[in-house]
Structure formats: C-alpha cells, structure tokens
Amino acid sequence: MSAVRSKICGITRIEDALAAVEAGADAIGFVFYAKSPRAVTFQQARAIIKALPPFVTTVGLFVNASRCELGEILDAVPLDLLQFHGDEAVAECESWNRPYIKALRVKAGDDIAAACDAFPSASGILLDAYVEGVPGGTGEAFDWSLIPQGLSKPIILAGGLNPENVAEAIARVRPYAVDVSGGVEASKGIKDHAKIQAFIKAVRLR
Ligand SMILES: O=C(O)c1ccccc1NCC(=O)[C@H](O)[C@H](O)COP(=O)(O)O
C-alpha cells in the first residue's frame, strides 16, 4: 500500500502551518467561509503561505462562494488546490481551471459511487460527515462502512478523525489521504502541535 497523504485543515496561524509541515503534513487547508470559526482573510492566508517551505500543497476551502469572492481570493492567494465543500455543481468547480477536490457529506442511503462519478474532473473526492445545517468542520465521524470499494476517484477521508482513530480509519477505508481539523485543535482555529505530530505519526505507521 502506498503512503497515505495527510492534510491539516483550518489553519489560521503561521506557527500552526509550520508545525504541520514539520510533522510531515502534505497539505494545509485554509477555510474561506466567513461563518466558520476557522475562517481566514486572504491577507492571513497569503502571509502564512509566504512563510512555507517548498513542496507543501496549499488548499483553499470554499462553501458556495460567489464568483466575485472566489475570483478575488484566487487573484490574491497562491492556492494549489480548491476544495469545494458546499453544493457546487461540476461546471462551477471546473470553471476555475484549477485542480480541485469536491467534498461529499455522507449519510446512510447515499450513492457514493454515483456522486464520485458526477465529478469526473475532480482530482479527488473528500468524504465528510453529514450534519444537518452545518457544511463541515463538525468534528463528527460517519459510518465508514458506507464507503464502497473501487471508487472512481482518490478518496480523502475526513470527518471526526483524530490521533486515536485515524489508524483504524485507514485500515478500514484505505483512502488516498486523510484530512483533519478539529481532531488536532487546542480550540477552534488554534492547532495543538502535539496532536498534529501524533496524528501524522499514526498515519505514517500504517
Ligand atoms: O472547518 C470549518 O469550520 C468548515 C466550515 C465549513 C465547511 C467545511 C469546514 N471544514 C472542513 C474541514 O476542515 C475538513 O475538510 C474536514 O471536514 C475535517 O473536519 P473535522 O471533522 O473537524 O476534522
């Protein structure tokens, strides 16, 4: 099995970004969603990215952002990958001509295979927990047995992962990558560096 990649999402501070990179994270995520307690401005994200060493993937997370807002952020911030975490249709995701991943919020009865097939241009599909009325970053896990084998896209497993459960999650789902936010925090938007290290260590032991 090839190495499972990891993304630390909801980064708001330079020191947390550097701690994630130092621990071995492959990607860091910025939440451009004003209602989130982890929301960053484009100025904050730009300053954090400027402090990064090379070869770290920078991901911008959006929830039903307007074209104007998204365009302004893309002009200002050097993002490698877009993460669409709302109800964006495939045409909208594709329209920016940037690599993107699409988040699906999973609940019982969903046809995950069909949902993956609906985004053929996506670099990967992020599977997160469905919680009514909350688009993401809930810290809730979902029933991993709902994920079928042989999906058409690389799977990024998210939702309620933490240093204690991530090894089991990888063993059961065999994702391409894992994504965590709340499970490595000291408080909303502030990462706990020891938890980041423990998380990446658990990912790498798989
Ligand atoms: O983090 C948020 O506040 C947020 C708000 C709206 C949509 C998505 C959001 N976060 C998503 C993530 O941080 C991750 O991609 C993923 O869902 C993991 O979250 P968590 O369950 O906290 O580990």
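Whatever order the structure lists them in is the order used to number ligands and atoms, beginning at 1.
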Looking only at side chains, do [X] and [Y] share a donor and an acceptor under 3.5 Å apart?
X    : Y    : value
Q83  : K7   : yes
R67  : S95  : yes
S121 : Y100 : yes
T58  : D80  : yes
N64  : H85  : no

Show the atoms of ligand 1 that are less than 4.0 angstrom away from any heavy atom in [X].
X    : result
G137 : 1 (O), 2 (C), 4 (C), 8 (C), 9 (C), 10 (N), 11 (C), 17 (O), 19 (O), 22 (O)
Q83  : 15 (O)
D128 : 16 (C), 17 (O)
G182 : 20 (P), 22 (O), 23 (O)
A158 : 16 (C)
V180 : 23 (O)
V63  : 6 (C), 7 (C)

Among all protein non-hydrogen atoms, which one is nearest to [atom], and what is the separation to 0.1 Å?
atom                    : value
atom 21 (O) of ligand 1 : G160 N, 2.9 Å
atom 5 (C) of ligand 1  : G136 O, 3.6 Å
atom 23 (O) of ligand 1 : S181 N, 2.9 Å
atom 14 (C) of ligand 1 : D179 OD1, 3.4 Å
atom 1 (O) of ligand 1  : R38 NH1, 2.9 Å
atom 6 (C) of ligand 1  : Y33 CD2, 3.6 Å

Worksheet item: Is there a donor-acceptor contact under 3.5 Å from the side chain of E185 to the main chain of G189?
Response: yes
Fill in: Check: T41 main-chain N/O paired with Q43 side-chain donor or acceptor under 3.5 Å
no
Would one find an N or O of [X], backbone or side chain, under 3.5 Å from an N or O of ligand 1?
X    : value
G10  : no
P37  : no
G139 : yes

Discussion item. I'd like to check the side-chain hydrogen bond (donor to acceptor under 3.5 Å, both in side chains) partners of D117; sequence neighbours left out, ordered by chain and number.
Written reply: S152
Worksheet, complete the sentence: Taken in chain and number order and not counting sequence neighbours, the residues that satisfy ring pair (Phe, Tyr, Trp, His ring centres under 6.0 Å) with F199 are none
Practice prompt. Have a look at ligand 1 and work out which part of L61, if any, has a heavy atom under 4.0 Å from it: side chain, backbone, both or neither.
Written response: side chain
Worksheet item: Is a salt bridge present between K191 and E15, judged by a nitrogen-to-oxygen distance below 4.0 Å?
Response: no
Discussion item. Heavy atoms only: which of C9, A129, S36 lies closest to atom 13 (O) of ligand 1?
Written reply: C9
Discussion item. More than 12 heavy atoms of other residues, nucleotides or ligands under 6.0 Å from CG of D75: yes or no?
Written reply: yes
